[in-house]
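Position 1 is the first residue of the sequence; numbering continues from there. Computation of the quantities below employed the complete heavy-atom set of this structure, encompassing side-chain atoms and omitting hydrogens, waters and symmetry-equivalent molecules. Small disclaimer: the values here were computed from a predicted structure and weren't measured.
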Amino acid sequence: MRAAPTILHLDMDAFYASVEQASKPSLLGKAVIVGGLGPRGVVATASYEARRFGVHSAMPTAQARRLCPNGAYLIPRFTLYRQVSDVVMALLRELSPLVEPLSLDEAFVDLEAGGVAFDAGSARATGERLRADIRAATGLSGSVGLAGSKMLAKVASEEAKPAGLLLIEPGTERELLAPMSVRTLPGVGPATGEHLRRAGITTVGELVEAGEDELVRMVGRAHGTGLYRMALGLDDRPVVAERDAKSVSVEDTFDVDLHDRVRIRGEVQRLADRCVQRLRGSGHSGRTIVLKVRRYDFSTLTRSETLRGPTDDAAVVREAAARLLEAVDTTGGVRLLGVGVTGLADYTQEDLFAQSLAAEAQAADEEGGTDGAAGGAEPEATDGGAGAQEGAEPPAEAQEAPERRWAAGSDVRHVLYGPGWVQGSGVGRVTVRFEQPGSEPGRVRTFRVDDPELEPSETLPLVGDAETD
């Protein structure tokens, strides 16, 4: 514990939904829900307007639609979220060399290490300046907590939401924490919270009254001792500048269970490619390939294979994932597939002779058309995401041009009307609202899904470089 509140915790407010509102002026002040849009989709973030209807993160999208039928339901745009996050994290690093990101929208900062705050007054001024800088750079709001420990700084930022700042003066911790729910403390999830409730303990103050010995008896020595210290506001964890990634993975949940083995194999191959893209983007290579399969009955299987050295070679990862799939029974249907890489390193082991030879042989077979099951029957442009229809594709030359799909919230550009975003699509039509960050709410127009003048486009920045028509 520090004698001054020089640990800052920043938590952006309803981050994904706020980014969408900032980039789509017609959604400002409206209920916005970001997440999976299919029957099995899950809410990633809900705007504060949507939360008034009871919508929250991790809720099934179908349930959210029942609670908030008139909300705007949008797919996540992680490329844009990462761009905005990079801007925010750069502002934090201007304050201190000790910045500990927890996610795209959340981080701890050691203000004392940066020489920008040594007491309550300078810490508060720094926090207010940070909030203003974030607003100017991104157009978004963030909540700031300041305290003498990481735990209390996080509690403070949560209490400050939305768009506020709370500073906890050292010496006032116990008084502040006492009336709060035990779920406020890190590590107290639903199961522990319910266990404590049955024992008559629902607030932090009641945890302190129970005493360390009683808590150890109830939840075990390690957890009980930690709970008691946190209830007293004691937390000596330092802000750690680097949080090493332990794994990189991607996964997709399908609206309809997949049964066709060729289709499943194709989805695994695409997931492997996406995983390698993310792996390379993080500047890592990995040694252990992991396949995740969730079957029709919700049972989840994981299989892994460890290579002789770390790699970021897409062919090697695809081949390993395919071998792992061969050991999994998918007869009853598959609802989720995932491919990951663990055992990360910041270098690549080039001497993977056996894997490379096998990968080259497989590529030669596919090019020559000798393996009809894996021989490129599915077009590369098809993304194996949620909502893909089940069944093997016919040969490319026998197919008609596929109907283009327009996901709600995705960016588009029209030759005549400029940039916009998809409000919805169906029965051969797509509805687009033409607006951009900083503009007035735009007009809505409807086109055929195959209109040649309408194309997907890159996201526009929230501040600074938006187009003017």
Side-chain angles (χ1 to χ4, degrees), residues 10-12 15-16 19 44 76-110 113-114 134 137-138 238-252 268-292 302 304-322 324 337-356 358-360 363 380 383-385 458-459 461-462:
L10 171 72
D11 195 354
M12 300 297 290
F15 183 54
Y16 298 169
V19 170
R77 297 187 296 164
F78 289 108
T79 298
L80 178 57
Y81 305 154
R82 290 190 185 96
Q83 291 171 357
V84 177
S85 175
D86 289 344
V87 173
V88 173
M89 296 301 166
L91 291 173
L92 297 182
R93 292 187 178 96
E94 290 178 6
L95 299 178
S96 172
L98 293 183
V99 176
E100 183 178 341
L102 303 179
S103 62
L104 290 178
D105 62 332
E106 185 180 2
F108 288 110
V109 185
D110 188 332
I134 290 173
T138 67
V239 176
V240 180
E242 297 295 335
R243 294 171 58 90
D244 293 333
K246 296 182 179 179
S247 65
V248 173
S249 63
V250 295
E251 61 183 44
D252 277 331
V268 168
Q269 298 295 286
R270 275 188 287 273
L271 286 167
D273 287 341
R274 286 167 51 194
C275 183
V276 169
Q277 289 177 0
R278 185 172 295 183
L279 186 70
R280 290 176 174 174
S282 69
H284 290 92
S285 59
R287 189 177 182 185
T288 300
I289 314 303
V290 180
L291 176 71
K292 177 179 178 181
T302 57
S304 64
E305 176 181 319
T306 299
L307 307 175
R308 293 191 300 170
T311 184
D312 63 357
D313 188 313
V316 173
V317 176
R318 282 198 303 268
E319 184 206 357
L324 294 170
L337 290 168
V339 174
V341 178
T342 65
L344 301 189
D346 56 4
Y347 68 96
T348 301
Q349 176 68 44
E350 298 295 347
D351 184 20
L352 294 172
F353 185 69
Q355 287 89 356
S356 296
E360 290 172 6
E380 282 298 313
D383 184 7
E458 298 294 324
T459 59
L462 298 188

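Here the closest heavy-atom approach between residue Pro238 and residue Glu100 is recorded as O-OE1, 3.8 Å. Looking at every heavy atom in both residues, Gln269 comes nearest to Ala322 through NE2-CB, 3.7 Å. Residues Ala272 and Arg318 share a closest heavy-atom pair of CB-CG, 3.7 Å. Nearest heavy atom pair, residue Leu98 against residue Ala241, reads CD2-CB, 3.9 Å. Taking all atoms of both residues into account, the shortest heavy-atom contact from Pro97 to Gly114 is CD-CA, 3.9 Å. Of all non-hydrogen atoms in Glu106 and Met89, the two that sit nearest each other are O-CE, 3.8 Å.
In this structure, Val84 and Met12 have side chains that are not in contact, with every pair of non-hydrogen atoms separated by 4.5 Å or more. Between Thr138 and Val19, the closest side-chain pair of non-hydrogen atoms is not below 4.5 Å. Proximity of Leu10 to Ile134: side-chain heavy atoms (C-beta onward) are separated by under 4.5 Å at one or more points. Contact annotation: the side chain of Val341 approaches that of Ile289 to within less than 4.5 Å [non-hydrogen atoms, C-beta and beyond]. Contact of the Glu458 side chain with the Thr79 side chain is not registered, since no non-hydrogen atoms from C-beta on lie closer than 4.5 Å. Within the 4.5 Å cutoff, the side chain of Asp105 has heavy atoms near those of the Asp11 side chain. The side-chain heavy atoms of Pro101 and Arg93, taken from C-beta on, include a pair separated by under 4.5 Å. Val339 is listed as a side-chain neighbour of Val268, based on a closest heavy-atom distance under 4.5 Å.
Note that the CG atom of Asp86 and the CG atom of Leu91 stand 11.0 Å from one another [nearest 0.5 Å]. The CD atom of Glu305 sits 7.5 Å away from the CD atom of Glu319 when rounded to the nearest 0.5 Å. Arg280 CZ to Asp313 CG: the interatomic distance, rounded to the nearest 0.5 Å, is 6.5 Å. With rounding to the nearest 0.5 angstrom, the CG atom of Leu291 is 5.5 Å from the CG atom of Leu324. Rounding to the nearest 0.5 Å gives a distance of 10.5 Å between CZ of Arg287 and OG1 of Thr342. Taken to the nearest 0.5 Å, the CZ atom of Arg270 stands 10.5 Å off from the CG atom of Leu337.
Classified by interplanar angle (parallel below 30°, tilted 30° to 60°, perpendicular above 60°), the ring pair Tyr16/Phe78 is perpendicular.
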Practice task
Please report the C-alpha distance between Val87 and Leu462 in whole Å, then the side-chain angles of each, then the deciding distance to 0.1 Å, and finally whether the side chain to side chain contact (heavy atoms under 4.5 Å, CB included) criterion is met.
Solution key: CA-CA 11 Å; Val87 173; Leu462 298 188; over 6 Å; no

Exercise for the section: Check the pair Thr311 / Val276 against side chain to side chain contact (heavy atoms under 4.5 Å, CB included), numbers first and verdict last. Expected result: CA-CA 9 Å; Thr311 184; Val276 169; over 6 Å; no

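No donor-acceptor distance shorter than 3.5 angstrom exists from the side chain of Thr288 to the backbone of Gly343, with no hydrogens or angles considered. Between the Arg278 side chain and the Val248 main chain, no donor and acceptor come within less than 3.5 Å of each other. Panel note: side chain Ser249, backbone Gly340; no donor-acceptor pair is recorded below 3.5 Å.
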